[in-house]
Q: 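Sending over a structure as structure tokens; questions will come in a sec.
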Amino acid sequence: MDSDVNRHFASATFVDAMKPVRSFASDNNAGVHPKVLQAISAVNGGHAVGYGDDAHTEAAVRKFRQHFGADIEVFIVFNGTAANCLSLKALTETYHAVICAEAAHIYTDECGAPEKFTGCKLIPIPTADGKLTVEAVSRAYHGIGDQHHVQPRVISITQATEMGTVYKPREVRDLAGFAHDRNMFLHMDGARIANAAVSLGLTLRQATRDLGVDVLSFGGTKNGAMGAEAVVFFDKKFSHDFLYLRKQGMQLASKMRYISAQLVALLTNDLWRKNAQHANRMAKLLQKEISRVPKVNIVYEVEANGVFAQIPRKATAKLQKRYFFYVWNEEQSLVRWMCSFDTTEQDVKQFAKFVAETING
Ligand SMILES: Cc1ncc(COP(=O)(O)O)c(C=O)c1O
């Protein structure tokens, strides 16, 4: 490596000796799984045709077909926001509405991109635990055929949810049934689909397509990729114009082989499953360790890789000095702690000890 570059990466500004190397802020803050890095490096020999017409993208598509069925269509994109926006765009016209949970990433954390990109109205529904129910959705299903009213077209659910809970298969099936009976479609934001499938003991296909999902935003980044997501169509009738939508949405990677290689790595020899299993197990361990700490309440079921805890308000800043993490709800003093494929038992125990000492010490 160039010596200036070496100096840059060795610079003290990257390393704070007071802080642990791994935090609980987000599974996005984790590094890249070594097998994914290896895969990126392995496809780095020579030239390959750009824009997805390369052997590695073909291999990625084959992997997706092995997991989800031979008759799917899959399109690789850079990030999860785009996977969601483009999925929704493929299912809607501008006068449609998308029903989602109030806590849905598409509603709270995508800067209005889904509305901008689709032109659709998002109808947010309050939930206790991040999960939509048929009962709640049916209350938002009105104005059908009324020219003054947007027409509900898509139910979008997040699996695992933003609150670390996981829809049971029956709950997804019921929402799909509700949608399909009304000429609507079910979109799944699967930024953490690996964590959800593992939590349910299902394959990727059983956790999505087999439950009636029409279009899946498949997440690789939180599962150990450097940056790799995909839109998976289980019915080709939605995907015929998608090539153009992806390009217009600025998501057509010229050097696509490097994104494809990451997805191949995750979908080979169950790496997706191992990574998610590990992250989920670390969240359970964190739950166990934290539940021993007085004055801390874990507020949602720990079903994937996140732990949500209500902590004494004045502890937050002190904890964040050493471990950065996000406050989920300021009013309720609710914080979010995420585990990832590279979280270790020692990380969890050290963190829980620090929380205990800070709050009760
Ligand atoms: C539930 C969910 N969906 C989608 C995303 C996609 O995000 P990004 O556009 O940052 O890849 C995230 C990222 O935090 C997420 O948590």
Side-chain angles (χ1 to χ4, degrees), residues 23-32 36 75-89 98-118 122 124-125 127 129-132 154-167 172 186-199 207-208 213 215-232 246 249-251 253 258-259 262-263 266 275-276 279-280 283 300 303-308 324-329 335-341:
S23 79
F24 291 82
S26 173
D27 33 9
N28 275 339
N29 288 18
V32 179
V36 174
F75 298 84
I76 289 164
V77 295
F78 293 109
N79 61 46
T81 300
N84 286 337
C85 292
L86 290 167
S87 296
L88 296 175
K89 178 72 186 160
V98 176
I99 299 175
C100 62
E102 199 175 50
H105 199 268
I106 57 169
Y107 186 66
T108 59
D109 278 316
E110 296 186 355
C111 194
E115 290 96 326
K116 176 180 189 282
F117 203 74
T118 63
L122 261 50
I125 301 202
T127 68
D129 55 2
K131 294 200 253 178
L132 290 178
V154 180
I155 299 172
S156 178
I157 59 174
T158 310
Q159 181 74 319
T161 73
E162 289 79 359
M163 291 164 177
T165 53
V166 173
Y167 285 88
V172 178
L186 185 64
H187 164 250
M188 181 180 276
D189 174 349
R192 297 189 181 87
I193 186 58
N195 303 90
V198 156
S199 172
T208 56
V213 173
V215 182
L216 169 70
S217 299
F218 178 89
T221 311
K222 294 172 201 300
N223 189 228
M226 179 183 285
E229 314 277 314
V231 177
V232 187
R246 179 174 62 177
M250 297 160 277
Q251 287 285 316
Y258 298 98
I259 308 183
Q262 299 174 52
L263 293 165
L266 289 179
N275 285 353
N280 289 8
Y300 304 123
E303 294 175 332
N305 61 326
V307 176
F308 289 73
F324 178 68
F325 55 82
Y326 293 99
V327 174
W328 183 254
N329 183 320
V335 299
R336 182 188 85 156
W337 295 323
M338 300 300 291
C339 296
S340 34
F341 75 88

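Every value quoted in this text rests on a predicted model; they were computed, and no experiment measured them. Ligands are counted one by one from 1 in listed order, and the atoms in each one are counted from 1 as well.
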Q: Under 4.5 Å between any side-chain heavy atoms of I193 and M188, yes or no?
A: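 A side-chain contact exists here, since the closest heavy-atom pair is under 4.5 Å.
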Q: Give a yes or no on whether the ring-centroid distance for F24 and F325 is below 6.0 angstrom.
A: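 Distance test on ring centres: not under 6.0 Å, no.
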Q: Within a distance under 4.0 Å of any heavy atom of R192, pick out the atoms of ligand 1 and give their elements.
A: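 Those atoms are 16 (O).
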Q: Identify, by atom number and element, the atoms of ligand 1 in contact range of T158, meaning under 4.0 Å from any of its heavy atoms.
A: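 By the 4.0 Å cutoff, the relevant atoms are 1 (C).
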Q: For N79, take its heavy atoms, then give the atoms of ligand 1 lying under 4.0 Å from any of them.
A: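 In order of number, 9 (O), 11 (O).
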Q: Considering only the protein, which heavy-atom contact is closest to atom 6 (C) of ligand 1, and what is its distance?
A: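 Atom 6 (C) of ligand 1 sits closest to the protein heavy atom G80 CA, 3.4 Å.
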Q: Which is it for N84 and ligand 1 at heavy atoms under 4.0 Å: side chain, backbone, both or neither?
A: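 The answer is the side chain of N84.
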Q: What protein heavy atom sits nearest atom 15 (C) of ligand 1, and how far away is it?
A: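 Going by distance alone, atom 15 (C) of ligand 1 is nearest to H105 CD2, 3.2 Å.
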Q: Check ligand 1 against K222 and write out every atom of the ligand that is under 4.0 Å from a heavy-atom position of the residue.
A: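 Those of ligand 1 that fall under 4.0 Å from K222 are 12 (C), 13 (C), 14 (O), 15 (C), 16 (O).
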Q: Side-chain donor-acceptor pair under 3.5 Å between H187 and S217, yes or no?
A: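 Checked: H187/S217 side chains pair up, N/O donor to acceptor below 3.5 Å.
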Q: Applying a heavy-atom cut-off of 4.0 Å, say which part of D109 lies close to ligand 1: side chain, backbone, both or neither.
A: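 The answer is neither.
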Q: Should we say atom OH of Y300 is surrounded by more than 12 heavy atoms from elsewhere, each under 6.0 Å from it?
A: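 Count over threshold, so yes.
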Q: What are the atoms of ligand 1, with element, lying closer than 4.0 Å to any heavy atom of E162?
A: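 Listed by number with element, the hits are 1 (C).
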Q: Would you check if Y167 and I157 make a side-chain contact, meaning some heavy-atom pair closer than 4.5 Å?
A: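 Heavy-atom side-chain distance check passes, below 4.5 Å.
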Q: Judging by distance only, is a nitrogen or oxygen of D189 under 3.5 angstrom from one on ligand 1?
A: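 Among all N and O atoms of D189, at least one is under 3.5 Å from an N or O of ligand 1.
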Q: Side chains of N195 and N280: is there a donor and an acceptor less than 3.5 Å apart?
A: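 Short answer, yes.
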Q: Any heavy-atom pair between the side chains of D189 and H105 that's under 4.5 Å?
A: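 With C-beta onward as the side chain, the pair touches.
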Q: With side-chain hydrogen bond (donor to acceptor under 3.5 Å, both in side chains) as the test, pick out the partner of E229 among T81, N79, N84, T221.
A: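 Of T81, N79, N84, T221, side-chain hydrogen bond (donor to acceptor under 3.5 Å, both in side chains) with E229 is met by T221 alone.
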Q: Within ligand 1, which atoms have a heavy atom of T81 less than 4.0 Å away?
A: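 Heavy-atom distances to T81 below 4.0 Å select 6 (C), 7 (O), 8 (P), 9 (O).
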